[in-house]
Structures are given as structure tokens and as C-alpha cells.
Amino acid sequence: MRKQNSTFKTGFLSEAGSELKNNDYFAFVELDKYACYVIADGLNDLPDADSARLATQTILLAFQEHPSMKKQAIRSYLKAANQALEEADSRSRLKASVTVVVTDYARARYGYAGNTRLRLYRNGEVAEQTFDTSLGTDMLKKLDLTEDALARHEERNNLYAYLGQGKRFCPQISEKIRLNNGDILTLYTRGVWENLDGGELDDVFSEAKDDPQESLDLVEDLLLSRQPVRLENYTFAVVFVDKVYLDPNRKRRIKKIILLCAAVLILLIVLAAVLWFLTNRHRERMEELERRYTGMIEYIQDANFVRAEEECSEALALAEKLRRKDEIGDLADYQKLIEAVNAAEELFGDQNYQEAQSAYVTARERSRYADRIADEYIEKRLGIITDYLSVFDYIQLGDTLTAQGDYDRAEEKYLQAKKLATGTYFEEGRKEAMEALENLYASRDEAEEERRQEAQEQAENQAGAVQLAADGDKAFAEGDYSSADAYYAMALEKYQEMGDDVHAELIQTKISSSSQKGQEAEAKKQQAEAYMEAAKAREAEGNRLEAKKQYLFAKNIYRELKMDEEVDRIVGLLEILETGIEQEEAAVAPEE
């Protein structure tokens, strides 16, 4: 119904000019919904080259198979013609310039490659035109020259896009153009534009009437009046759009379109709002992520790992929501570092310095994967722990030396511990070192007192032992060997208690000598007692002289034993015995 309800008048002229054969070609197809107009200019010099006709026919066949105004469709028509020329069985490679116009009787779209031209006249003025795909056109644009100067430019036929070009073929495709009643489409080849300038063509169609043929005749008269030395093939086609197709359902369709557009607009507004909300929320989350991330770094740098852990957890949750893989990996490494440092900090706070040291070493390994951001702090902590442990080592060594009684060296170690603890602000270690020093001084004073008392006791024991030994010597000298043994035994005991082995050995010798002397004295005493018994027996027998002799033997032994009492007793007995002897002698004498 489109074709029947529109009026498109088409006319054309195509001549060989001064050439032997016309290598231009124009053809068109008007279907019910679409129409296609094609003009081609063969670029081969051989008289049997039929590139323009082959290109035109190929485009029209492709159009009739799939009529459409889409850009891709028109591009496919032109590419089909390009392939047809490329694969044609000819003595030389076929080439052609082409312009194709497709219309739905209300709008039009064109595509072209080469230097065939199109002009659309509306109200006597040029509303649309093509520009050659040639080096000459590009050079004119750079030099800002008029279009008519191209007709004489030496690079006007140096094309960078044309049919038969091969894989590099890239045609120009226009946007859709809405047609109005009275529009005139003109298509023409280089035989026209090389001899007629644009102004002359504009004059013809500014005053054109309803008859296409009349306009064609005027163009041809102008062309032939130029009487060029060599007139190329020339083809000129016109399409008079007397009436464009008006869609009877246009208002309803417009209303539908408006309603659809309104719905789409509302949907777009909703989507835009949602998108804005999501984008804004995403932006806010990204800003919060960045803020949390930065806060975490700053807290780590300030050694506030408790707050750093809070910021890291929040940042990691945001990164997971935002699916930021890089940030998730980085934050996971930071989180492991922070957790390791906090675990070490807890042990440090509990004064478990050995375990804290191992925990900080672990944290230092974690720091390798977190840009070594906590290395300085961890190394500082490890240094402090080393100093703390050294303080305890000094104190422990001082305790050992104190137990050994080496108070001077112990004091030196305690003072080193105190100095190191004071220098590292280790108050606990300093207090413990001070307590150790106080205990050391108390122990040393107590030990000195004990040594003084021991020395005094030793001196007293020494004096007592000497006195006992002297008493023993005196008793020994007096022959009182029992007393000497007693004194010597007591002196020996004291020397042994004092550990004086030299004097103890000397006393032991004296004891042995005294014991020997005692035994000898005892034997003599027994001998004396035997003499006494014998004396008493002789006296009882009346043998006073023998008795006196026995008493004298006993007396000598007692005198030797320094038993004065016994000596005196024997002296008394001897006096009595002497008296008896004298009496006996006196009694005997008178008788004689």
C-alpha cells in the first residue's frame, strides 16, 4: 500500500559521450514497501568491462531478496557487489563507483563508494549531498577549496573506497532522511560533474517543474553546450517525490509510541533512580571503604592495633559487598597481621615475654605480606622484650651468685638489671631489681653477722681448746694421766668441731702418749700395790726387814707416780715398822 499511496517519478539519461562504450549504469526497483535506486560508474578502461552493470544488478538482486533500509542491510548490498566484482571472470579486475538509495516512500537512506554523486533538492536548495571517497576530496577539504575545483584536480579519481576493492572495502552509509513532498533526488556520474559545476545544476533544479524528463533535457543541453574535447560516459537520474507516503495509522502509532515512550520514560526514570541509588550507594560504600582503609593504615602507623582491627573488619566487609578482589586480598593480609600483633600485645600485657617474643616474630612474618607497614613497631617491641628478658636474666644470675655467697658480683648483676630496666622504662623489672638489691644487702649483712659470730665462736672455741690442751699438758706433766686424757679428749672435740685438723692430730698424739703413760702408771701402781701386799704379808709373818724392803719398793713407785698420799702413808708405815724393829733389837740386846 505504500507505493500505491505515494508518487515517485523517476527519469534518467545515460550516454557513452565520446567513448566507444557506455560503462555507466543506472537501474531501480520499486516494490510495495521499499524502492531501490542504483547508479554505477565503471572504472575499467577495457571496452568489454561491464563492472557498472554487474554491480547494479548485484545490488538490486540483494535488495529484492532482503528489502530493508537498515544500515547493515545497505552495507550488505554494497559488499555483495564488491565481492561480485572481485570474483568476476574478467581479463582485469573489475572496479566501479556506486551510489545506492533505498526508500520506504517516506524516508530515504543512501550508501556510496567512489565518485558517483547524489544531491537532494528541497525547495530549490541542496538539502543533502555526497562527497567523493577520493584523495582529491580530502585535499580540497584541507585546502578549504570549493567543490567545483575538484573537477580539475589531478587526484579526483584517486579513490580509497570503491567496488572491487576487496577486503579493505568500506562504504559510506548515511542516516535516515525524512522526505517531503516536492523533494528531488539526483544521481549522476563523473561525466556530468567534471563538466558542469554545482551551481549550474542547482539553477536547473531550483526552477524544476513536475516533469523529470524536462530537467534531464536541460542538464544534457548544458552538458553538450560545453563541447568538451573528451566527454566521458555520463549518466544522470532524477527521482521527483511528488507525494510521500502518509501512514493512516500514524496517529494511533504515534499515540502508542507516546504511551510506550511514557512507559519507557517512567521505567527509565525508575531505572535511573535505582541506578542513581545503587551508584550513589556504591560511591558511598567506595568512599567508606577508602575511609576505613585509610583509617586502618593510620591506626597501624599510630600503633593502635585494636582500632585498626575494627577498621579492617569494616573495610573487608565493604570490599566483599563491592566484590573488590584486590582490596579483599590486601585487607585479608592486613587482618592477619593485625590479629597476630594483637595476640602478641595480649601476651606482652600479661608479661608472658617469652611467648610474646615468638608471637611478634610471627607478626613480623605477616608484615611481609602487608607492605611491611608494622615492621618498625614490631622490631621496637622485640627490642623491648629483649631488654626485659635481659633484665630478668641479670636478676636470675644475681640470685645464683647470691646463693653462692658471691655478693659483690651479685650486686653488679642487680645493678646492671636496674640500669637496663630504668633505661627502657621497665618499671616492673626495676622494682624487682631493687627488691633483689635490698634482699642482697640484707643477706650480706646477715652473712657478715654470722661470719662475725662464727669467728667469735671460733676464737672462743680456739681459746677453750688451747686451755683444755694446756690443762691436759699440766695434768700429763703431773702424771695425772686420767685428767690429761679427759682434758685432751675435750680439746680434741673442739678442734674437730672447728675443723682444725692440725691441732686435732697433735692432741690425738698427746692422747695416745697420755694413754700409754696411764697404762704404764697403772702397771706400776699395781706393782706398788703388790709390794704393799707383800710388805703386809712379811710384816704379819714378823719379818719386819723384808716387809720394810717391800714398803720401800712400793714407796719408790708411788714417789715415781707422784702419789704423795701413798708415799706419806708408806712413810708412816715405815716409821711404825722402824719402831717395831728398834724395840725388837732392844729386847734382844740385854739378853746378850
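Between Arg381 and Glu345 a salt bridge is recorded (basic side-chain N to carboxylate O distance below 4.0 Å). No salt bridge links Glu287 with Arg291; every basic N to acidic carboxylate O contact stays at or beyond 4.0 Å. Between Glu288 and Arg292, at least one side-chain nitrogen of the basic residue sits less than 4.0 Å from a carboxylate oxygen of the acidic one, meeting the salt-bridge criterion.
In this structure, CD1 on Ile177 lies 8.5 Å from CE on Met69, to the nearest 0.5 angstrom. The CG atom of Asn158 lies 10.5 Å from the OG1 atom of Thr133; values are rounded to the nearest 0.5 Å. Interatomic distance, CD of Glu87 versus CD of Gln83, reported as 4.0 Å (0.5 Å rounding). Once rounded to the nearest 0.5 Å, the distance linking CD of Gln72 with CD1 of Ile173 reads 9.0 Å. For the atom pair NZ of Lys3 and CG of Leu31, the computed distance is 9.5 Å after rounding to the nearest 0.5 Å. Annotation: the span from Thr58 atom OG1 to Arg53 atom CZ amounts to 9.0 Å, rounded to 0.5 Å.
No side-chain heavy atom of Val391 sits under 4.5 Å from any side-chain heavy atom of Asp387. Contact check for Phe236 versus Leu196: no side-chain heavy atoms found under the 4.5 Å cut-off. Contact annotation: the side chain of Asn5 never approaches that of Leu246 to less than 4.5 Å [non-hydrogen atoms, C-beta and beyond]. Side-chain atoms of Glu309 and Glu339, non-hydrogen and from C-beta on, do get closer than 4.5 Å to each other. Counting heavy atoms from C-beta on, the side chains of Ile378 and Val341 come closer than 4.5 Å. At least one side-chain heavy atom of Asp371 sits less than 4.5 Å from a side-chain heavy atom of Tyr334. No side-chain heavy atom of Asn180 sits under 4.5 Å from any side-chain heavy atom of Asn123.
In this structure Glu290 satisfies the side-chain contact (heavy atoms from CB on, under 4.5 Å) test together with Thr294, sequence neighbours excluded.
Cation-pi geometry between Arg119 and Phe205 is not satisfied (NZ or CZ under 6.0 Å from the ring centre, within 45° of the ring normal).
Taking the six-membered ring for Trp, Phe240 and Phe8 have ring centres at least 6.0 Å apart.
Considering Asp132, Thr189, Asp41, Asp24 as possible partners of Ser97, the one that fulfils the side-chain contact (heavy atoms from CB on, under 4.5 Å) test is Asp41. Only one option out of Tyr377, Tyr299, Tyr360 pairs with Phe305 in a ring-ring contact (aromatic ring centres under 6.0 Å, His included); it is Tyr377.
The number of heavy atoms from other shown groups lying within 6.0 Å of NZ (Lys79) does not exceed 12. More than 12 heavy atoms of other residues, nucleotides or ligands sit less than 6.0 Å from atom CZ of Arg283. More than 12 heavy atoms of other residues, nucleotides or ligands shown are found within 6.0 angstrom of CG on Asn280. Counting heavy atoms of neighbouring residues, nucleotides and ligands inside a 6.0 Å radius, atom CD of Glu376 does not exceed 12 of them. Counted within 6.0 Å of NZ on Lys33, heavy atoms from surrounding residues, nucleotides or ligands total 12 or fewer; the atom is thus considered open. Within 6.0 Å of the CD atom in Glu427, the count of heavy atoms belonging to other residues, nucleotides or ligands exceeds 12. Counting non-hydrogen atoms of neighbouring residues, nucleotides and ligands closer than 6.0 angstrom, the CD atom of Glu346 reaches no more than 12 such neighbours.
Between Phe426 and Tyr353, the ring-plane angle classifies as perpendicular under the 30° and 60° cut-offs. Between Phe63 and Tyr77, the angle of the ring planes goes over 60°, which puts this pair in the perpendicular group of the 30/60° scheme. Between Phe28 and Tyr37, the ring planes are parallel. Angles under 30° get that label, and only those over 60° would be called perpendicular. Relative orientation of the Phe26 and Phe12 rings is tilted, given thresholds of 30° and 60° on the angle between their planes.
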Q: Start with the C-alpha gap between Val100 and Cys36, add the side-chain angles, then the distance that decides, and say whether side chain to side chain contact (heavy atoms under 4.5 Å, CB included) holds.
A: CA-CA 7 Å; Val100 56; Cys36 180; 3.6 Å; yes
Q: For side chain to side chain contact (heavy atoms under 4.5 Å, CB included), just list the numbers for Tyr388 and Glu428, CA-CA rounded to whole Å, side-chain angles, deciding distance to a tenth of an Å, and then say yes or no.
A: CA-CA 9 Å; Tyr388 285 9; Glu428 179 195 357; over 6 Å; no
Q: Evaluate the criterion side chain to side chain contact (heavy atoms under 4.5 Å, CB included) for residue pair Ile384 and Thr424; output intermediate values, then yes/no.
A: CA-CA 7 Å; Ile384 290 173; Thr424 56; 5.7 Å; no
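In this structure, a donor-acceptor pair under 3.5 Å is absent between the side chains of Asn115 and Tyr162. Glu220 and Tyr234 share a donor-acceptor pair across their side chains, judged by distance under 3.5 Å alone. In this model, a donor atom of one side chain and an acceptor atom of the other lie less than 3.5 Å apart for Ser14 and Thr235. Side-chain contact check for Asp217 and Gln213: at least one donor-acceptor pair (N or O, by modelled atom type) lies under 3.5 Å.
A pairwise comparison of heavy atoms in Asp375 and Arg364 identifies OD1-O, 4.3 Å as the closest pair. Contact between Thr130 and Tyr110 at its shortest, heavy atoms only, is CG2-CE1, 3.5 Å. Closest non-hydrogen pair, Ala315 versus Tyr293, comes out as CB-N, 4.2 Å. Heavy atoms only, all atoms of each residue included: Ala88 and Leu54 are closest at CB-CD2, 3.9 Å. The two residues Arg2 and Tyr245 make their nearest non-hydrogen contact at NH1-CD2, 3.3 Å. Shown here for Ala319 and Leu331, the closest heavy-atom pair between the two residues is CB-CD1, 4.0 Å.
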